[in-house]
Amino acid sequence: MKRLEFRNGDTLDIIGLGTWKSDPGEVGHAVETALDAGYRHIDCAAIYRNEAEVGEALQRVFSRGEIKREDVHITSKLWNNAHLKGDVEPALKKTLSDLKLDYLDLYLIHWPVAFRPGLEGFPESESDFLTPDQAPIGETWGAMLEMRDKGLTRHAGVSNFSTHKLDALAAGGAERPEMNQVELHPYLQQDELLAYCREHGILVTAYSPLGSSDRPETMKGEDEPSLLDNDVIGSIAEKHDATPAQVLIAWAVARDTAVIPKSTNPDHIRKNMDSASLELDSQDLQRIRDLDLHYRYIGGDAFRTDSGLYANIFDD
Ligand code: A2P
């Protein structure tokens, strides 16, 4: 398994298990299956509302003794309603308590968007948001770095940040995030963002690598293109005697991005891990390069307001 290296030399298995959309009653079993299948990287978030069940599964596995806490990299994310600097530590401690852990390996600011403290669910009106003046992202980031200094997380990073936002974070002289987790797949290749992150020593994780077709219908665009049914991906899969999902995961690995396919299906979980041994050749990579549609499955619609406060989160 390829590993990525943080700036302090710590490493991370490049393939992890995603847990967004993994239903309660299923996610714990998925985590156990994944750890048994060799995964050592689990991606979580408070907003997935399943961290308590993930925590129980981790406990069960660790208590068996073969896999230890320190063998597994666990990521979680700060939700948008806890961006004020005094709210970061309580949010992280709630996540730690749910996951039944003393520390995280990586804590990310989930979105560069702030909600009113205490807001449950998604905003329904303008007053459910905080403006960047009310919740300066630099202060949120400062609090994240404090969490790392306190040992509550080993590494700190962000998610869904554009190059402009990454520049803005660093403008005050602050240390740059160690990770930026963003949507990445053949229809959204984001080469410029990748090059920027590489230049500045920021690792990148690819989310929704398989096209996230299990998200709610209300989040889907009309005539959404399917990644798993793409003919080019299918023919590359056939050539290597692999599955389309394995090709999509191997493509992310070939680009040195961590990748977190979500699955609660034991067969998929194991097959996705087997992508680690699939090597795409230069012809495959060229054919996939030609598939870029600049298409986002996760468009940030929930953050659009009448005033346009967070209208262009992926570009601004
Ligand atoms: P399932 O949980 O039944 O495996 P993403 O990681 O882009 O969010 O995509 C998740 C979706 O992809 C889920 O619907 C998941 O279903 C499905 N999926 C995960 N692994 C595979 C696989 N190996 N083959 C087909 N579909 C998969």
Side-chain angles (χ1 to χ4, degrees), residues 13-39 41-45 47-50 53-54 57 75-77 108 110-111 159-160 181-190 204-221 224-238 240-253 255 257-278 280 288 291-293 295-302:
D13 270 14
I14 198 160
I15 299 174
L17 179 75
T19 61
W20 176 40
K21 310 177 262 71
S22 297
D23 289 331
E26 295 188 352
V27 68
H29 189 238
V31 167
E32 274 192 83
T33 305
L35 290 168
D36 287 343
Y39 287 72
H41 169 184
I42 312 285
D43 184 83
C44 311
I47 192 60
Y48 303 162
R49 301 195 196 287
N50 56 14
E53 187 174 330
V54 172
T75 297
S76 184
K77 311 186 192 83
L108 307 177
H110 205 148
W111 288 92
S159 181
N160 297 298
Q181 181 179 126
V182 295
E183 179 178 341
L184 282 178
H185 44 69
Y187 295 153
L188 185 69
Q189 305 196 11
Q190 306 216 62
V204 175
T205 298
Y207 75 63
S208 295
L210 310 179
S212 269
S213 62
D214 56 343
R215 59 201 209 292
E217 289 302 316
T218 50
M219 283 186 73
K220 292 188 181 175
E224 219 174 66
S226 162
L227 272 171
L228 289 167
D229 294 335
N230 178 280
D231 288 343
V232 170
I233 300 296
S235 84
I236 295 171
E238 218 166 283
H240 291 281
D241 199 15
T243 68
Q246 288 173 329
V247 170
L248 294 168
I249 296 165
W251 176 79
V253 171
R255 300 205 317 159
T257 61
V259 56
I260 46 169
K262 170 270 171 184
S263 182
T264 48
N265 172 317
D267 188 44
H268 288 167
I269 290 172
R270 286 189 277 269
K271 288 214 169 84
N272 293 349
M273 169 55 49
D274 291 343
S275 322
S277 57
L278 170 58
L280 302 179
I288 297 176
L291 296 179
D292 200 356
L293 297 173
Y295 183 85
R296 285 183 190 281
Y297 290 106
I298 313 301
D301 292 348

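When reading the values below, keep in mind they use all heavy atoms of this one structure, side chains included, and skip hydrogens, waters and symmetry mates. Keep in mind it's a predicted model, so treat the numbers as computed, not measured. Just so you know, ligand 1 is whichever comes first in the structure, and atom 1 is the first atom listed for that ligand.
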Worksheet item: In the protein, what heavy atom is nearest to atom 1 (P) of ligand 1, and what distance, to one decimal place, separates them?
Response: Ser263 OG, 3.6 Å
Worksheet item: By number and element, which atoms of ligand 1 are closer than 4.0 Å to a non-hydrogen atom of Gly211?
Response: 7 (O)
Worksheet entry | Intermediate values then yes/no, side chain to side chain contact (heavy atoms under 4.5 Å, CB included), Ser263 and Asn272 | CA-CA 9 Å; Ser263 182; Asn272 293 349; 4.2 Å; yes
Worksheet item: Quick one: does Thr264 get an N or O within less than 3.5 Å of an N or O on ligand 1?
Response: yes
Worksheet item: So, does Thr257 use its side chain to make a donor-acceptor pair with the main chain of Ala252 at under 3.5 Å?
Response: yes
Discussion item. Using 0.5 Å steps for rounding, measure from the CD atom of Glu183 to the CD atom of Gln190.
Written reply: 7.5 Å
Worksheet item: Is there a donor-acceptor contact under 3.5 Å from the side chain of Glu32 to the main chain of His29?
Response: no
Worksheet item: So, does His185 sit close enough to ligand 1 that a heavy atom of it is under 4.0 Å from the ligand?
Response: no
Worksheet entry | Nearest-neighbour protein heavy atom for atom 23 (N) of ligand 1, which is reported as residue plus atom name and distance | Asn272 OD1, 2.8 Å
Item to complete: Would you check, one step at a time, whether the test side chain to side chain contact (heavy atoms under 4.5 Å, CB included) holds for Thr205 with Leu108?
Response: CA-CA 11 Å; Thr205 298; Leu108 307 177; over 6 Å; no
Item to complete: Could you see which bit of Lys21 sits under 4.0 Å from ligand 1, with heavy atoms only: side chain, backbone, both or neither?
Response: side chain
Worksheet entry | Region of Ala245 that comes within reach of ligand 1 [heavy atoms, distance under 4.0 Å] | side chain
Worksheet, complete the sentence: What one should report as the nearest heavy-atom pair of Asn230 and Leu291 is OD1-CD1, 3.8 Å
Practice prompt. Looking only at protein heavy atoms, identify the closest one to atom 26 (N) of ligand 1 and say how far it is in Å.
Written response: His268 CE1, 3.6 Å
Item to complete: Look only at the side chain of Asn50 and the backbone of Val27, and say whether a donor-acceptor pair between them is shorter than 3.5 Å.
Response: no
Response to the item:
Closest to atom 8 (O) of ligand 1 among protein heavy atoms sits Ser212 OG, 2.6 Å
Worksheet item: Just checking, is any N or O donor in the side chain of Asp43 or Tyr207 under 3.5 Å from an acceptor N or O on the other one?
Response: no
Practice prompt. Could you tell me whether Pro209 approaches ligand 1 through its side chain, its backbone, both or neither, with non-hydrogen atoms closer than 4.0 Å?
Written response: both
Discussion item. Under a 3.5 Å distance rule, please check whether Arg215 uses its side chain to pair with a backbone N or O of Tyr297 as donor and acceptor.
Written reply: yes
Worksheet, complete the sentence: Numbered in order shown, the ligand 1 atoms found under 4.0 Å of a heavy atom of Leu228 are 26 (N)
Discussion item. As an exercise, identify every atom of ligand 1 less than 4.0 angstrom from a heavy atom of Leu210.
Written reply: 7 (O), 9 (O), 12 (O), 18 (N), 19 (C), 20 (N), 21 (C)
Worksheet item: In terms of atom number and element, which parts of ligand 1 are under 4.0 angstrom from non-hydrogen atoms of Pro261?
Response: 6 (O)
Item to complete: Anything under 30° is parallel, anything over 60° is perpendicular, the rest tilted; go ahead and classify His110 against Tyr48.
Response: perpendicular
Worksheet item: In terms of atom number and element, which parts of ligand 1 are under 4.0 angstrom from non-hydrogen atoms of Asn265?
Response: 3 (O), 4 (O)
Discussion item. Check contact between Ser208 and ligand 1, using heavy atoms of the residue and a distance below 4.0 angstrom.
Written reply: yes
Worksheet entry | Donor-acceptor contact present, side-chain Tyr187 to main-chain Ser226, <3.5 Å | yes
Worksheet, complete the sentence: closest protein heavy atom to atom 11 (C) of ligand 1 is Asp214 OD1, 3.8 Å
Practice prompt. Write out the residue and atom name of the closest protein heavy atom to atom 19 (C) of ligand 1, then the distance separating them to 0.1 Å.
Written response: Lys262 O, 3.1 Å
